[in-house]
Amino acid sequence: MIDSSDDIPFFGDSEPVKRPSGLAARAMAARNQSAPAPDYLIGLNPEQRQAVVTTEGPLLVLAGAGTGKTRVLTTRIAHILATGLAFPSQILAVTFTNKAAREMKERVGMLVGGAVEGMPWLGTFHSIGVKLLRRHAELVGLRSDFTILDTDDVVRLIKQLIQAEGLDDKRWPARQFAQMIDGWKNKGMAPHEIPEGDARAFANGKGRELYEAYQNRLKTLNACDFGDLLCHPIRMLRANPDVLADYHRKFKYLLVDEYQDTNTAQYMWLRLLAQRPQSKEPGQRGGSVNVCCVGDDDQSIYGWRGAEVDNILRFDKDFPGATIIRLERNYRSTEHILGAAGHLIAHNEGRLGKTLFTEQSDPEHEKVQVHAAWDSEEEARAVGETIEQLQRPDANGRRHNLNDMAILVRASFQMREFEDRFVTMGLNYRVIGGPRFYERQEIRDAMAYFRAVCQPADDLAFERIVNVPKRGLGDATIRQLHDYARARDIPMIAAARDLVETEELKPKARKSLRDVVEGFTRWSAALENTPHTELAERILEESGYTEMWQNDKSAEAPGRLENLKELIRSMDFYESMRGFLEHVALVMDAEQNEDMDAVSIMTLHSAKGLEFETVFLPGWEEGLFPHQRSLDEGGRSGLEEERRLAYVGLTRAKKRAHLWFVSNRRIHGLWQSTIPSRFLDELPEAHVEVAEAEMSYGGYNRFGGGSSGFSAGRQNPYGASRFDNPEIFASTYETPGWKRAQANRTDATSRNWGSRSGHQVERVGYGESGPRGVRTIEGELVAKSTTDTPSAFSIGDRVFHMKFGNGNVAAIEGNKLTIDFDKAGQKRVLDGFVTPV
DNA sequence: CCGAGGATAATTTTT
DNA sequence: TTATCCTCGG
């Protein structure tokens with residue numbers, strides 16, 4: 001068993017292991033003598049306090065952004081412990097991310113002091129799933145030392161299976177099937193449970209068989225994917241009522257963080273554990289479920305990966321008699337930010353409904369600012385300028401730290417422009433998210449070595465490194481190994497051991513393979529009696545892996561070596577190599593250095609849960625935000641999720657929020673004219689102000705001729721938006737005919753934006769009148785429609801383009817024109833965006 | 001076994 | 001446009 005943390009007797013936690021002392025003791029005393037509230041309740045507002053002390057029965061805490069959600073959760077745990085309602089090991093507390101789990105552990109620790117041991121059952125759904133599985137692995141046909149595969153392994157495995165089926169792995173991409181499996185597992189569905197339609201949709205109708213083959217393969221590999229960490233426990237608990245009953249007895253309190261993000265499997269898992277049969281034990285009313293879910297339906301932004309907002313919306317039906325507490329008092333943002341965010345999110349249907357309020361109201365507070373820029377380059381430049389301005393001391397000598405500012409983008413391609421700009425400006429920035437430490441090639445290779453040593457059955461790991469560094473063990477040899485292993489149902493490494501003793505291999509391959517096998521034999525032997533960091537170093541050394549990078553002349557090689565050193569160093573924190581591998585499988589994040597003062601750049605998704613004084617939200621344009629794909633694939637609910645994303649973005653800001661939209665954005669290399677996001681029009685006038693003048697930066701006055709270069713001659717296919725018109729833009733902020741525009745908009749949306757199959761794209765040239773079409777900004781569609789739509793232009797034509805001015809057509813490919821512009825040089829644009837002169 | 005060049009696809013991300 | 005992946009040729 002891997003976990004040593006659960007040192008409290010597993011079943012029958014009837015004897016206190018440690019007497020709570022200090023704060024906890026005082027709290028207990030307070031409870032017994034109905035004395036004044038214990039310290040930890042002080043400073044909580046009435047709703048928060050109620051959420052903390054309502055320990056019995058189902059409870060849903062609807063915690064709006066910045067309303068002290070984590071505080072409630074941690075205080076609640078502290079309260080349960082302090083009042084002796086349960087021991088740490090009797091509380092099951094689940095979060096989504098390791099970060100959240102870590103934070104919660106820390107904060108509970110601070111509240112309760114050293115009085116109680118760390119909570120063994122506080123963790124992510126997945127880590128708790130692993131814990132359950134390690135205990136009861138045999139009940140689902142695994143050994144307790146099973147391996148956890150990550151996405152990369154899974155894809156490679158599936159690819160093998162697809163090829164083994166004799167299918168074309170181009171036509172049926174493994175990645176896509178991996179996602180399908182993940183989707184099924186998110187719903188808790190085993191191969192025989194998936195809908196017929198789904199099964200038919202892949203691999204010439206062999207989807208189900210393939211899924212089955214995949215599961216079988218995992219079993220032989222003694223491995224789990226992430227989805228299994230949820231699904232196996234469910235199956236195990238269902239099939240073994242006695243085990244389930246043990247856990248029912250064990251867990252007195254259940255807490256779930258971010259409930260709006262739970263998927264169906266997690267929901268089933270939770271219900272299984274929460275639905276305790278009638279119980280006469282003290283501390284629980286007969287049959288009631290002490291389950292407390294905390295979440296915010298307005299911040300549900302992970303529908304695309306299986307989260308079911310419905311879980312939170314249905315809570316009181318799932319748990320009859322549930323108490324629902326709303327936390328609406330916001331401690332983070334100004335009245336303007338809350339006003340803007342609240343008004344925006346009110347456009348969503350199907351929400352439980354909350355209105356955040358604050359007592360921080362001050363005429364000095366800035367309204368939410370909306371800025372327009374000509375294109376994304378100007379957007380980045382202007383944001384950079386604003387940041388510099390904030391950095392300079394103001395009239396009161398106050399300056400702002402870069403750490404207090406963040407740029408939150410919808411899609412990561414937007415980051416680049418900001419990075420470029422900040423590099424030239426010499427402005428410190430850090431990108432949050434992005435490729436992670438443990439996903440780097442060299443780290444994964446090294447890990448594969450370690451895995452293969454610890455886990456001789458881990459064929460995937462073995463296969464990954466058997467020829468890394470190059471040892472002349474090509475495809476042919478690998479296939480041979482593979483076949484031999486499959487035929488005898490043994491791990492590949494065992495097959496290798498056998499094969500080197502035979503004459504079946506070519507002498508060269510045989511020699512190399514023998515070296516590899518001997519290496520693994522040595523390392524396995526050393527596993528028990530060598531310090532694991534030392535062994536790790538030895539493995540990388542003796543296998544020639546380190547050397548491989550030392551000989552590599554590429555620019556990244558030194559960095560990779562550095563990463564390997566870092567990997568070894570970080571192993572020091574773990575007791576054993578196995579412990580380390582387990583950690584890495586589940587915790588894929590690595591900390592960022594917080595020392596430097598720098599602006600953060602990240603996606604809106606990764607910003608959830610964070611807060612900044614000043615937040616920049618660029619790219620509020622139709623097609624980007626709300627994103628085209630969300631609209632195409634998710635329809636109305638897709639739009640609502642985008643709106644929640646906007647809400648999340650806005651509510652990250654404490655003091656200042658700057659929204660931006662541009663008129664032109666380059667998408668897949670082509671310049672596209674864009675229109676302001678509908679979300680901008682959904683903001684309340686009272687809390688929003690349209691910023692001016694930013695546009696004439698550095699004399700970038702454009703060819704359009706208008707003073708701002710913005711919106712002249714542009715047509716909004718939806719009809720009028722208050723952001724279309726420069727005069728309105730200046731001050732008055734009227735929304736004439738907005739209702740009508742809204743109507744046109746939805747109309748147009750369903751008519752045209754739902755087309756993913758190409759060719760129905762209607763483009764509207766500038767100044768064209770007649771029936772209004774929608775100008776798609778979806779590069780894919782436009783690009784695909786090229787081949788059979790000959791352009792109306794011919795080489796040599798004199799044309800005018802909004803961004804680049806006048807020029808001559810130099811080349812034509814379908815509807816893509818290459819134009820030599822007089823001022824801007826050669827560019828490629830869509831013919832819809834130029835007019836003949 | 002490596003490198004070049006063509007095809008392909010380009011939201012969001014945790015575990 | 002750009003990045004990545006994969007195939008093909010040397």
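The chains referred to below are lettered A, B, ... by the order of the sequence lines, with proteins before strands, and numbering in each begins at 1.
- What separates CD1 of Ile128(A) from P of dT15(B) is a distance of 13 Å, to the nearest Å.
- Atom name C1', nucleotides dT2(C) and dT13(B): the rounded distance is 22 Å, in whole Å.
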Dump the pairs, protein N or O against N or O of nucleotides 3-10 of chain C, anything under 3.5 Å, distances to one decimal.
{"residue": "dA3(C)", "atom": "OP1", "partner": "Arg416(A)", "partner atom": "NH1", "Å": "3.1"}
{"residue": "dC6(C)", "atom": "OP1", "partner": "Lys159(A)", "partner atom": "NZ", "Å": "3.3"}

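- Between dC1(B) and Asn467(A), a contact under 4.0 Å exists linking OP1 or OP2 to a side-chain N or O.
- In this structure, the salt bridge (charged side-chain N to carboxylate O under 4.0 Å, His left out) partners of Lys69(A), at least two apart in sequence or on a different chain, are Asp257(A), Glu258(A).
- Thr151(A) comes within contact range of at least one nucleobase, with a heavy-atom separation under 4.0 Å.
- Formation of a donor-acceptor pair under 3.5 Å by the Glu463(A) side chain with backbone atoms of Leu460(A) is not found in this model.
- For dT14(B), neither phosphate oxygen OP1 nor OP2 lies less than 4.0 angstrom from any side-chain nitrogen or oxygen of Asn98(A).
- When the nearest nucleotides of DNA chain B are assigned to Asp475(A) and Ile301(A) by heavy-atom distance, the more 5′-ward of the two goes with Asp475(A).
- In this structure, Leu408(A) places its CG atom 12 Å from P of dT13(B), rounding to the nearest Å.
- When the side-chain contact (heavy atoms from CB on, under 4.5 Å) test is applied to Ser127(A), the partners found at least two apart in sequence or on another chain are Thr124(A), Leu586(A).
- Among the atoms of the strands shown, base atoms are found under 4.0 Å from some heavy atom of Glu642(A).
- Arg510(A) is linked by a salt bridge (charged side-chain N to carboxylate O under 4.0 Å, His left out) to Glu503(A), counting only residues two or more places apart in sequence or in another chain.
- Separation of the Trp304(A) and His605(A) ring centroids falls under the 6.0 Å cut-off.
- Heavy-atom distances to DNA chain B give each of His126(A) and Leu645(A) a nearest nucleotide, and the one nearer the 5′ end belongs to Leu645(A).
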Please output the side-chain donor-acceptor pairs of residues 180-190 of chain A that fall under 3.5 Å, not counting sequence neighbours, one pair per line with the distance.
{"residue": "Trp184(A)", "atom": "NE1", "partner": "Asp198(A)", "partner atom": "OD2", "Å": "2.8"}
{"residue": "Lys185(A)", "atom": "NZ", "partner": "Gln215(A)", "partner atom": "OE1", "Å": "2.7"}
{"residue": "Lys185(A)", "atom": "NZ", "partner": "Asp225(A)", "partner atom": "OD1", "Å": "3.1"}
{"residue": "Lys185(A)", "atom": "NZ", "partner": "Asp225(A)", "partner atom": "OD2", "Å": "2.7"}
{"residue": "Lys185(A)", "atom": "NZ", "partner": "Asp228(A)", "partner atom": "OD1", "Å": "2.8"}
{"residue": "Lys185(A)", "atom": "NZ", "partner": "Asp228(A)", "partner atom": "OD2", "Å": "3.3"}

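- Dashed line: the shortest gap from a side-chain N or O of Lys608(A) to OP1 or OP2 of dT12(B) is not under 4.0 Å.
- Not counting sequence neighbours, Glu417(A) has no partner by the salt bridge (charged side-chain N to carboxylate O under 4.0 Å, His left out) test.
- With hydrogens and angles ignored, no donor-acceptor pair closer than 3.5 Å exists between the side chain of Arg629(A) and the base of dT12(B).
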